[in-house]
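Source: prediction; values computed, not measured. Atoms considered below: every heavy atom in the structure, side chains included; atoms not considered: hydrogens, waters and symmetry mates.
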Amino acid sequence: MNTQTATQPTTKTVNGVNVTALFETIDAVKNDQELAAFQFRSNNHWIDGGHNRSSIQSFYGCRSEDTTRSEPFMLDADEPPILLGQDKGANPVEYILHALAACLTTTMVYHAAARGIEIEAVDSALEGDLDLRGFLGLSDQVRKGYHDIRVKMRVKSSATPSVLKELAQFSPVFDVVSRSVPVKVEIETY
């Protein structure tokens, strides 16, 4: 009589991340680089003044359209009253700070999990400096967007700050914000 039992695969979780599935994904992409191609999308509709709304639902990844989202995420953007808006949502440059903070955090947590580094808490504060003279077209010498962004992250972990910073900087949004990315704008009238 065979007393051996079939071993069940174990799932290892670190920082709330299924590390077993993470390494399976990494191996799959190593073996088939076409799985790494993703396309994320957003559709936006202007409402009034500075108020507009984006819907985010579909994306392409791993060679197919994702169909798991039954409802879109809705994101309202506006401007504060001092910038002639009605404050019906964060303004677009505030969304950049949110996207940067969220991506730095997620990236750090995932990469830490892959290395077996436990993280108990992550909090961050971001500040971005912007000079309206660029946006208003009053100076060719002033950027239209942020000229400086500061991120301060507080992380409860046994890892060193330098290791955690290295992990966070794998962030796709950090890459987009800190390096120039080509953006093609096409406008048609109707």
Side-chain angles (χ1 to χ4, degrees), residues 10-26 29 36 38 40-42 44 50-57 59 61 66 68-69 71-83 85-132 134-135 143-181 183:
T10 58
T11 300
K12 181 178 179 184
T13 302
V14 178
N15 304 332
V17 177
N18 181 335
V19 178
T20 305
L22 176 62
F23 282 119
E24 288 170 356
T25 300
I26 291 169
V29 171
F38 275 70
F40 295 97
R41 305 179 187 112
S42 174
N44 184 276
H51 187 200
N52 58 86
R53 180 174 294 136
S54 292
S55 63
I56 299 171
Q57 184 170 7
F59 67 89
D66 179 78
T68 61
R69 295 175 175 168
E71 297 290 325
F73 296 109
M74 304 302 285
L75 305 171
D76 278 59
D78 199 356
E79 296 292 340
I82 196 166
L83 293 175
Q86 297 177 26
D87 228 5
K88 295 191 177 196
N91 77 13
V93 293
E94 290 169 321
Y95 272 112
I96 288 175
L97 295 178
H98 164 69
L100 180 58
C103 198
L104 285 168
T105 299
T106 300
T107 300
M108 178 194 302
V109 168
Y110 276 37
H111 278 267
R115 292 190 188 185
I117 299 169
E118 291 188 16
I119 293 179
E120 294 179 53
V122 180
D123 294 294
S124 57
L126 287 79
E127 295 176 334
D129 298 326
L130 189 144
D131 185 330
L132 285 182
F135 168 73
R143 278 184 77 126
K144 294 168 187 72
Y146 287 126
H147 59 83
D148 192 40
I149 296 175
R150 291 170 301 287
V151 178
K152 182 171 184 162
M153 301 181 83
R154 295 187 66 218
V155 184
K156 189 172 183 183
S157 176
S158 61
T160 65
S162 63
V163 166
L164 296 169
K165 182 177 180 181
E166 172 195 334
L167 299 179
Q169 289 181 344
F170 280 98
S171 160
V173 176
F174 175 79
D175 181 72
V176 168
V177 171
S178 64
R179 299 176 1 153
S180 179
V181 173
V183 177

Report task. Go through the steps for M74 and R53 under the test side-chain contact (heavy atoms from CB on, under 4.5 Å), then give the verdict. Result -> CA-CA 7 Å; M74 304 302 285; R53 180 174 294 136; 3.4 Å; yes
Query raised in the report: Got a sec, which residues hit salt bridge (Lys or Arg N to Asp or Glu O under 4.0 Å) with R143, two or more places apart in sequence or on another chain?
Result: none
Query raised in the report: Is the closest side-chain heavy-atom distance between T20 and T10 below 4.5 Å?
Result: no
Query - NZ/NE/NH1/NH2 to OD/OE distance under 4.0 Å, R154 and D123 - result: no
Query raised in the report: Tell me, do R41 and I56 make a side-chain contact under 4.5 Å, heavy atoms counted?
Result: no
Report task. Report the residues that fulfil ring pair (Phe, Tyr, Trp, His ring centres under 6.0 Å) with F40, sequence neighbours left out, ordered by chain and then residue number. Result -> F38, F59
Query raised in the report: If you measure from OG1 on T68 to CD on Q57, what distance do you get to the nearest 0.5 Å?
Result: 9.0 Å
Query - Any pair counted as ring pair (Phe, Tyr, Trp, His ring centres under 6.0 Å), so long as it reaches residues 85-107, sequence neighbours left out - result: none
Query raised in the report: What residues form a side-chain contact (heavy atoms from CB on, under 4.5 Å) with P80, not counting sequence neighbours?
Result: I82, L83, D87, N91
Query raised in the report: Which residues satisfy the side chain to side chain donor-acceptor pair (under 3.5 Å) test with T160, sequence neighbours excluded?
Result: S162
Please table the atom pairs, donor to acceptor, closer than 3.5 Å between any side-chain atom in residues 124-131 and protein atoms at least two apart or in another chain.
residue: E127; atom: OE1; partner: R150; partner atom: NE; Å: 3.2
residue: E127; atom: OE1; partner: R150; partner atom: NH2; Å: 3.1
residue: D129; atom: OD1; partner: R150; partner atom: NH2; Å: 3.2
residue: D129; atom: OD2; partner: R150; partner atom: NH1; Å: 2.7
residue: D129; atom: OD2; partner: R150; partner atom: NH2; Å: 3.2
residue: D131; atom: OD1; partner: R133; partner atom: N; Å: 2.9
residue: D131; atom: OD1; partner: R133; partner atom: NE; Å: 3.1
residue: D131; atom: OD2; partner: R133; partner atom: NE; Å: 3.1
residue: D131; atom: OD2; partner: R133; partner atom: NH2; Å: 2.6

Query raised in the report: Any donor-acceptor pair under 3.5 Å linking the side chain of N52 with the backbone of G50?
Result: yes
Query raised in the report: Distance from S42 atom OG to L75 atom CG, nearest 0.5 Å?
Result: 7.0 Å
Report task. Taking salt bridge (Lys or Arg N to Asp or Glu O under 4.0 Å) as the test, write out the residues that go with D175, two or more places apart. Result -> R179
Query - Close side-chain approach of M153 and V151, heavy atoms under 4.5 Å - result: yes
Query raised in the report: Excluding sequence neighbours, so at least two apart, what forms side-chain contact (heavy atoms from CB on, under 4.5 Å) with K144?
Result: none
Report task. Could I get the full list of side-chain contact (heavy atoms from CB on, under 4.5 Å) partners for K88, not counting sequence neighbours? Result -> H51, D78, Q86
Query raised in the report: Sequence neighbours excluded, which residues qualify as side chain to side chain donor-acceptor pair (under 3.5 Å) partners of S180?
Result: none
Report task. Of all the heavy-atom pairs spanning A159 and V163, show the shortest one and how long it is. Result -> CB-CG1, 4.5 Å
Report summary line: side-chain contact (heavy atoms from CB on, under 4.5 Å) filter on T13, not counting sequence neighbours, yields T11
For residues 106-119, which side-chain donor-acceptor pairs fall under 3.5 Å, sequence neighbours excluded?
residue: T106; atom: OG1; partner: A102; partner atom: O; Å: 3.0
residue: T107; atom: OG1; partner: C103; partner atom: O; Å: 2.7
residue: R115; atom: NH2; partner: E166; partner atom: OE2; Å: 3.0

Report task. Evaluate the criterion side-chain contact (heavy atoms from CB on, under 4.5 Å) for residue pair L97 and Y146; output intermediate values, then yes/no. Result -> CA-CA 10 Å; L97 295 178; Y146 287 126; 3.4 Å; yes
